[in-house]
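Structure first, then comments.
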Amino acid sequence: MDLLQSVMNSSSHAMFTLDREGIITHINRQAKNRFGLFNHSQYSHAAGRLEPGDLVIVADSAIGADDGNLRPADLERLGIQDRKIRSGDMFVAIGAFDLPGSKPAYKFLPGRDADVLRLESVHQGTAVRASIGNRIALAAVGETEYVIRYFRSIGQIVVIDGKTGQVKFWQENGYSARREGVGNLLRGGAYIAKSPDFEIKVEGYHFREFFEGERFERHLAQVMSGQVPQYEDMEYEINGFELIASILPVPGGALPESVIVKFRNIEDIRVTIMERNNAIKSAERKYRETERSVRPDENAFAALFGIGTATASARHHAYKLSQLDCNVLITGESGTGKSFLARAIHQAQPRKGPFVTVDCSTIAPTLFESEMFGYVGGAFTGASPKGKAGFFEEADGGTIFLDEIGEIPLNIQAKLLNVIQNKVVCRVGSTKMVPVDVRILAATNRNLKEDVAAGRFRQDLYYRLSAFSLELPPLRSCPEDICFIIDNLMEKIQQKYGVTRKNLSGEAFSKLIAYDWPGNIRELENVLESAVALSESDIIYAEQIRLESEPVRMGLKERLKIEEEKIIRQTLAQCGGSRSRAMEQLGLSKTVFYGKLKEYQIE
Ligand SMILES: Nc1ncnc2c1ncn2[C@@H]1O[C@H](COP(=O)(O)OP(=O)(O)OP(=O)(O)O)[C@@H](O)[C@H]1O
């Protein structure tokens, strides 16, 4: 055995190598197993072909697909001439091969996933059965069942020798590679012997002798001709199996000298995904149960806002605030879910009434007053003659959500303070005070304390709003939450687009968890949406997860620097911009403190 062969045999992946002409040069045990080119069966049968008078049992999920290109016309060899049978039909039959006058039994149906077709008969005193559907193809002779599980399509065939009454052939995985599909055999093709540990010689033959798959062949040709450097973890259907394969070139001058093809089985991936999903669900269930026993009312809020371990205390705090009729300031980076939380608070609170959202960053400074507080007819040029209620009046009895509150101009901040203190609004052009009963939820991704220090935000308004505040952490600071959030978002996206459940492969999941998420939940949601759109099957692979940049892997030093800068800026803001007080609070010497200000370019 050469070195490459023993290295390949020691790998857990199924793999083979091809030379430039497409000839298989090496193939490992795992690949032979996967494609049925190596058999573990404890039973054996001799080589042969169908002979007149043999009894043939067929169970086919779709005529013409993965059954050696069976055509309805081939069924004439079993005495079946029925023009209603079409390619693509599910089909079961028990009939004698090339025996004029014999009466075959058969059933067919335009195939649907949910259907199962069954057929039973007695042959020389022995019960024989065929059935297809629910991803199981079965042919049985007496007590012995020949079962093949399938995902998309399959063609099972079992043959009883017309002379001896013994089973002389049964189908097993790998029949496409061996050219032993139902169609091949009914058209007179030979089958090889099966014996314990039989092995087919594959090396030295063209790969097309054994492996069929249109997309796979196309990609192989592209890598061989140097058009595409390589394909990694792509989904292919080869001989009817769904597989994940990588096609990797072995460099050899201008063109690859050969290629290595490496496989993983999708069914293995599905099992892993199922196990992982179950683990997440059971962690979530356990978490909810604990929550329910400790804080029963909070459960509904948890369902609304999603769950997470690190944000559990933030959420508990949010729930408590939702039950108090107080104004709340929600802070956090962009996309951390501030608007989402505001709506959850509104829905969970005892106060009913409207929920009015105002995005303060989109209102022109000159229109702020009339938009917020309304105006009377003819108050200014272009005003409606009937006048108009402002957002505060619209929200009367309910909640107003002032998003991006840091964008409100200073003159409006003074008026807003008046509304909070006196619970009245005064429309533009009027002197009449209109009472309003409104709960204010405000949000910002700015550091309002810094804005106060810089004179951009009124201190009195800030204190009024921030008496009750909530800070939403960025995703990167709560990686333990990402699993739950991904799970919630996948459900949300699937409902939004009406698609069936898609699952993330292990690599895709790891890629999401390793990423730094500068754009937080919004970015995560966008990435998942585009992955759902890109994926063609029920599994989302790593290549379908498109991230803005590769994961930012910051070292401890860089992380500490970021935190240090944050702390200095926050302390300065808390000290109203006084450097000497901040320096004292931080316990730093003058040289070190001013050195840091210079380093972080803090004005
Ligand atoms: N807990 C959650 N569960 C599911 N989806 C969420 C959750 N939190 C936020 N989202 C979703 O993430 C996206 C961003 O949330 P949201 O708009 O509330 O963030 P934000 O902090 O208000 O952002 P910005 O500051 O940019 O306005 C939205 O599509 C929202 O529906």
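Counting starts at 1 for both ligands and their atoms, in listed order.
- Side-chain N or O atoms of N447 include one that pairs as donor or acceptor with a backbone N or O of K449 at under 3.5 Å.
- With hydrogens and angles disregarded, a donor-acceptor distance shorter than 3.5 Å links the side chain of K338 to the backbone of G332.
- Applying the 4.0 Å criterion to heavy atoms of N445 picks out, from ligand 1, the atoms 25 (O).
- For atom 17 (O) of ligand 1, the nearest non-hydrogen atom from the set E529, E404, E525, R522 belongs to R522.
- In this structure a side-chain-to-backbone donor-acceptor pair under 3.5 Å is present from T336 to E333.
- Using a 4.5 Å heavy-atom cutoff, the side chains of F216 and I247 are in contact.
- Atom OH of residue Y515 and atom CD of residue E523 lie 4.0 Å apart, to the nearest 0.5 angstrom.
- Using 4.0 Å as the threshold, G335 has a heavy atom nearer than that to some atom of ligand 1.
- Under 4.0 Å from ligand 1, heavy atoms of K338 appear from its side chain as well as its backbone.
- Here's the thing with I521: none of its N/O atoms is less than 3.5 angstrom from an N/O atom of ligand 1.
- Note: an N/O pair closer than 3.5 Å links T336 and ligand 1 by distance alone.
- Of the candidates E491, E333, K492, R343, the one placing a heavy atom closest to atom 5 (N) of ligand 1 is K492.
- Electrostatic pairing of D396 and R351 does not count as a salt bridge here, judged by no charged N lying under 4.0 Å from a carboxylate O.
- The distance criterion of under 3.5 Å between nitrogen or oxygen atoms is not met by L489 with respect to ligand 1.
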